[in-house]
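One structure is given here, and the rest of the page talks about it.
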Amino acid sequence: MATYNLLFLPGDGIGQEVMREVEKIADWTQKAGIASFEIERGLVGGAAYDAHGKAISDSDMALASASDAVIFGAVGGPKWDNVPYDVRPEAGLLRLRKDLGLFANLRPAICYPALADASSLKREIVEGLDIMIVRELTGGVYFGEPKQIIDLGNGQKRGIDTQVYDTYEIERIGRVAFELARKRNNKVTSSEKRNVMKSGVLWNEVITALHKREFADVTLEHQLADALGMQLVRWPKQFDVIVTDNLFGDMLSDVASMLTGSLGMLPSASLGETDPKTGKRKSMYEPVHGSAPDIAGKGLANPIAMIASFAMALRYSFGLGDAADRIEKAIADVLDAGLRTADIRGDAKETISTSQMGDAILAQLQKAG
Ligand code: IPM
Ligand code: MG
């Protein structure tokens, strides 16, 4: 049985609560003889700021870099609304993504049959939905320079962000999308706004050329990002893999989450380049939802996105696809049995707490053997 090093960074708000449920599943993974873990724990976001005035310390960054995978909760909250910009909680998450080179963010949106009625859309629109959003994660307007507010000296200020993409960044994320599509339904929809943005023109050109050169067997479509947002709520089942930039991917994945019933259902994997020598890649797994300060500490949070993110770690970092399938099946079974946290309540008479949901998934795993 192989041993892997994990760094747990629960962060803030419900990040803490949902991480406790992942610990149960990690424990099961070890007891079931699937893999063993050496787990370290660190601080990120507001929790790190409170402890040492930074959104993540250099020593926790070093642990992240040395780990086989980072398991991340969520960051932020009103408590830190007025801290300096460069140490705000989100800066910790962005530093992890950037410094670890995690350019490929995989955000699967799957509508479990039992949850089709929890979506704000009609059952027939979302039932059976299975799409994969591939979001570029280390470039674009999130990191482009200049990024500043300048004083124009006439009582006016100017806020500047820079959207910038180089050919290699578009190519490598395109490659991830096409390769995933080959293992799924063989279709990629690439999205940008080439009608108003030069970076969109280049994005479109590079994806088109890559397709022609290396992936002509995959169906490729292009949709402008605004139109794609509309299509996601009109007819989401037309999509298989969607590939898009950092900002559009951020927005579109929040939209997609509601197709699955709740933001509390969406896991994600953030992957770096594979090292040709070791075959390893840096990776981080986090739910798409945030720290939800309004419900933090009340046991109301849905731990499914976090647990499903751990399943993605097993699949994408450790080659344990079977174990990931078992965890996903246990989630589906628990939902089929009618167990619901508040966010996916639908018509359910009763709801269960964060830890009860974690326990139910664990019990289902143990029962399934
Ligand atoms: C996400 C989040 C982050 C982002 C925030 C917390 C910085 O919304 O992972 O989708 O914008 O990328
Ligand atoms: Mg987001």
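Numbering of ligands and ligand atoms starts at 1, following listing order. Worth knowing before you read on, the calculation uses all heavy atoms, side chains too, and leaves out hydrogens, waters and symmetry mates. FYI, the numbering just counts along the sequence from 1.
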Point-to-point distance, once rounded to the nearest 0.5 Å, from CE of Met306 to CE of Met357: 15.5 Å

Heavy-atom nearest neighbour in the protein, as seen from atom 10 (O) of ligand 1, with distance rounded to 0.1 Å: Asp250 OD1, 2.8 Å

Whether Arg135 lies under 4.0 Å from ligand 1, heavy atom: yes

Nearest non-hydrogen protein atom, atom 4 (C) of ligand 1: Tyr142 OH, 3.3 Å

Parallel, tilted or perpendicular, as decided by the 30° and 60° cut-offs, for the rings of Phe37 and Phe318: tilted

Shortest protein heavy-atom distance from atom 9 (O) of ligand 1, along with the residue and atom involved: Arg97 NH2, 2.7 Å

Polar atom proximity, Glu286 to ligand 1 (N or O, under 3.5 Å): no

Electrostatic pair Glu192-Arg194, nearest N-O below 4.0 angstrom: yes

Top protein contact for atom 7 (C) of ligand 1, by heavy-atom distance: Glu90 CG, 3.7 Å

Heavy atom of Arg107, distance to ligand 1 below 4.0 Å: yes

Electrostatic pair Arg20:Glu17 at N-O distance under 4.0 angstrom: no

Salt-bridge present (Lys79, Asp12; N to O < 4.0 Å): no

Atom name, Asp250 (N, O or S, nearest to the Mg ion (ligand 2)): OD1

Geometric cation-pi criterion Arg88 and Tyr85, 6.0 Å radius, 45° cone: yes

